[in-house]
Structure formats: structure tokens, C-alpha cells
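In what follows, chains are A, B, ... by sequence order, proteins preceding strands, each numbered from 1.
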There are 2 protein chains.
Amino acid sequence: MSGPSAPPPTTGALRALPHARLATDLRAATLRLARRLRQQKADAALSDGLVASLGWVLQAQPLTIGELAEHEGVAPPSMTRAVDKLVEQGLLRRTVDPADRRRVLLETTDAGRDTVLETRRRRDAWLAPRLAALTPDERRTLVEATRILKELTRS
Amino acid sequence: MSGPSAPPPTTGALRALPHARLATDLRAATLRLARRLRQQKADAALSDGLVASLGWVLQAQPLTIGELAEHEGVAPPSMTRAVDKLVEQGLLRRTVDPADRRRVLLETTDAGRDTVLETRRRRDAWLAPRLAALTPDERRTLVEATRILKELTRS
DNA sequence: TATTGTTATACTCTATAACTATA
DNA sequence: TATAGTTATAGAGTATAACAATA
């Protein structure tokens, strides 16, 4: 867009940062797409937070309440409550760590795993037809872009 | 549900949809990046919902409470409360529509506009250095990908 | 003593239902 | 009668502070 030869016709928020135009556009597009994706979930009775927590347990199990709380960016007491709900609904199993009996180890139940997979399936089901409407070149671009986006959040 | 010709070598969530692999990867990468971006905001006292609402008003003003509520995906009473807070903090201005006195028209104040721009600036400030660490080719890919992502959310 | 997790309590955000004002 | 918005009220989610159990 803005080459090195011409001064970019940008306003306030865009000044002073290299690649500011890309940052701005990518930010807007990402937040918008994420918002649409979050609207799709397996169980409407599960909040976004519970869905995200359950998904991370499936991916990182076994893990402790504290570890899960930190990953999800909530305080430990909040995670205790969230885990209580997931356990009540039969989606999560909690066991005391035999090596350190202060710690609680979390794992998904079969139903919990199914819920996570179903949520992912629904989100993909929203996305996949839209991807199918793109050109092969555009899809190749997104494949590469996905790899790059993952890198961005690594640090 | 499964494909008619060859069974794809994928597991649960990936079956039955074309471009499912891309959908899954893109979904994960997008949600993760969005989460990081949302953590950056101008005023820590402003919730994500208030930040998003204020941002949309700046972009779409003047608009009514009902229009804003629908765009943000919340019920009208919730938006009445949210707008009350933004007005109290001097970020939003509400005026009765002279053409239809049931309606309320919302506009940002100067302070509201500044808050939105500052939030965007911070999010970009988080993102831009990471973009600078990429190769020129990778940035070109993201520029094109951003255009495609915008298309995905158009429908 | 330090760490892990829980309980107690309060605040924010959201929703539904009922209401007011205007069309 | 229908629509835009508000008020009343309740439920979910989160936080901080204080506590219990374990290391």
C-alpha cells in the first residue's frame, strides 16, 4: 500500500509505527472474525469462558486449577467456580495430585471431549463454506497467513 | 456425513467438511490473536464491551441505542446501561432524535474519540513490532490475507 | 513459612418482563 | 396498536480478602 517514496496519507493513530497500516487492518479483521467465531458453540448454556477453559484442558491435560486460571487470564477463585460448573455438568474430572495433595489435577471426561470437538466442528462449519467460496490462490494465502499468525502470538 | 469417494485421514472434528484443516487452523490462530489484542486497551477501567461499543459509535455515528445493541449482540436494556456509563464518563453524547422523539442518537465526544484512537494505537503498538520481525514476503502475505479475512465476515 | 486451592462477599455485565413515551 | 427506550429484578461471571490444607 504505502511505498517508501510517497508519504502515507494517514491520520492520528497510524503515525509513528512501522507497518502501522497492516497492523491496523489486521487488528480490525482479526477482532471481527474472532467475534463471529465465538458466536458458534456446541452448548448455548456454556459461556465463552467455560468453552475456552474446557478446550484448553483437553489440549493440556492433566493440569492444575492454577495453571488453567493463569492460561485463561482469570483469578484462581474464579477458576474454582468455573471448574465446579464443568464438573457438575460431567464435562471435567478433578483428582487430587497424589504427589502434592494441595494440587488438583483436571482432565476432560468423554462428554467433555465430545463437547469441545463439537464446538470446534460448529465453528469450522461456519467457516468452511466461506473458505470454499474463495479462489485456490486465496486459500493458499490463508494457509500461509495462518502459520504467520501463530508466530505472532508465540511471544 | 463422510465423503463419498475416499475416507480422509483426519480425526473427529475434521471430517465431512471441505477445507476443514484450514478452517480449524485459522480458527485457532484467529481466536488466539484476538485474545491478545483485546488485552490492550486505552482505559483499563473500560470493559471489552464498552470499548467495542464506543469504537462502533465512532465508526457509525450517529446511531440509535437499538442499532448499537444489535450490532454488539446485546439486549437493548443492556445497551442502555452501557451507554449510561459511557455518557457518565464523558465519552458519549446522547440526543433525542428530533424527527422521532422515541429515538436516541449517539455520538462520541472528543474524549470518546480520543479513547478509541488510543485503544487502537495500543493494539497496533503491540502488533507492529511483531510484524516488523517478519520477512517482507510474510508481510505481503498478511496484507493479502487481511483483505480475504474481511471478505469472510462480510456475509 | 510458602503455596494451592476454597469460601465469603461484592461488583459488573447481561437478560427477561413490565412499563413509559411517542408514533 | 406498534415501536424505542427505560426501569425493575435476577442470574452469571469475576475480583479481592480471608481461610484451610499441605508442603
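Atoms CG (Asp100(A)) and C1' (dA2(C)) sit 12 Å apart, rounded to a whole Å. In this entry the distance linking CG of Leu86(B) with P of dC13(C) reads 10 Å, nearest Å. Regarding Asp97(B), its CG atom lies at a distance of 9 Å from the P atom of dA23(C), rounded to whole Å. If you measure from atom CD of Gln89(A) to atom P of dA12(D), you get 11 Å, rounded to the nearest angstrom. If you take CD of Glu72(A) and P of dA15(D), they are 12 Å apart, rounded to a whole angstrom. Residue Leu46(B) contributes atom CG, which lies 9 Å from atom P of dC13(C) at whole-angstrom precision. Here dT12(C) presents its P atom at 14 Å from CG of Asp84(B), a figure rounded to the nearest Å. Regarding Asp48(A), its CG atom lies at a distance of 16 Å from the P atom of dC13(C), rounded to whole Å.
The side chain of Val104(B) has dT6(D) as its nearest neighbour among dG5(C), dT6(D), dT22(C). When the nucleotides dT4(C), dA15(D), dT6(C) are ranked by their closest atom to the side chain of Arg103(A), dT4(C) comes out on top. Of the candidate nucleotides dT22(D), dT16(C), dA23(C), dT22(D) has the atom lying nearest to any side-chain atom of Arg101(A). Among the nucleotides dA23(D), dG5(C), dT6(C), the one closest to the side chain of Thr80(A) is dT6(C).
Under the 3.5 Å distance criterion, with hydrogens and angles disregarded, no donor-acceptor pair is assigned to the side chains of Arg36(B) and Thr153(A). Side-chain contact of Thr108(A) with Gln61(A): a donor-acceptor pair under 3.5 Å is present, judged by distance alone.
Heavy-atom nearest nucleotides on DNA chain D were determined for Leu50(A) and for Pro77(A), and the one closer to the 5' end corresponds to Leu50(A). For Pro98(A) and Arg81(A), each mapped to the nucleotide of DNA chain D holding its nearest heavy atom, the one lying further toward the 5' end belongs to Arg81(A).
At a cut-off of 3.5 angstrom, counting only N and O atoms as typed in the model, there is a donor on one side and an acceptor on the other between the side-chain of Arg102(A) and the base of dT3(C). Interface remark: the Arg94(B) side chain does not form any donor-acceptor pair with the dT6(D) base, using a distance-only criterion of under 3.5 Å.
Ion pairing of Arg147(A) with Glu138(B) is present here, as a side-chain N (NZ or NE/NH1/NH2) and a carboxylate O approach within less than 4.0 Å. Using a cutoff of 4.0 Å between basic side-chain nitrogens and carboxylate oxygens, Asp137(B) and Arg140(B) are scored as salt-bridged.
Under the 6.0 Å distance and 45° angle rule, Arg122(B) does not count as a cation-pi partner of Trp126(B).
Under 4.0 angstrom from either OP1 or OP2 of dC13(C) there lies at least one side-chain N or O belonging to Lys85(B). Contact check, Thr64(B) against dA4(D): no side-chain N or O comes under 4.0 Å of OP1 or OP2. OP1 or OP2 of dA15(D) lies within a sub-4.0 Å distance of a side-chain N or O belonging to Ser78(A).
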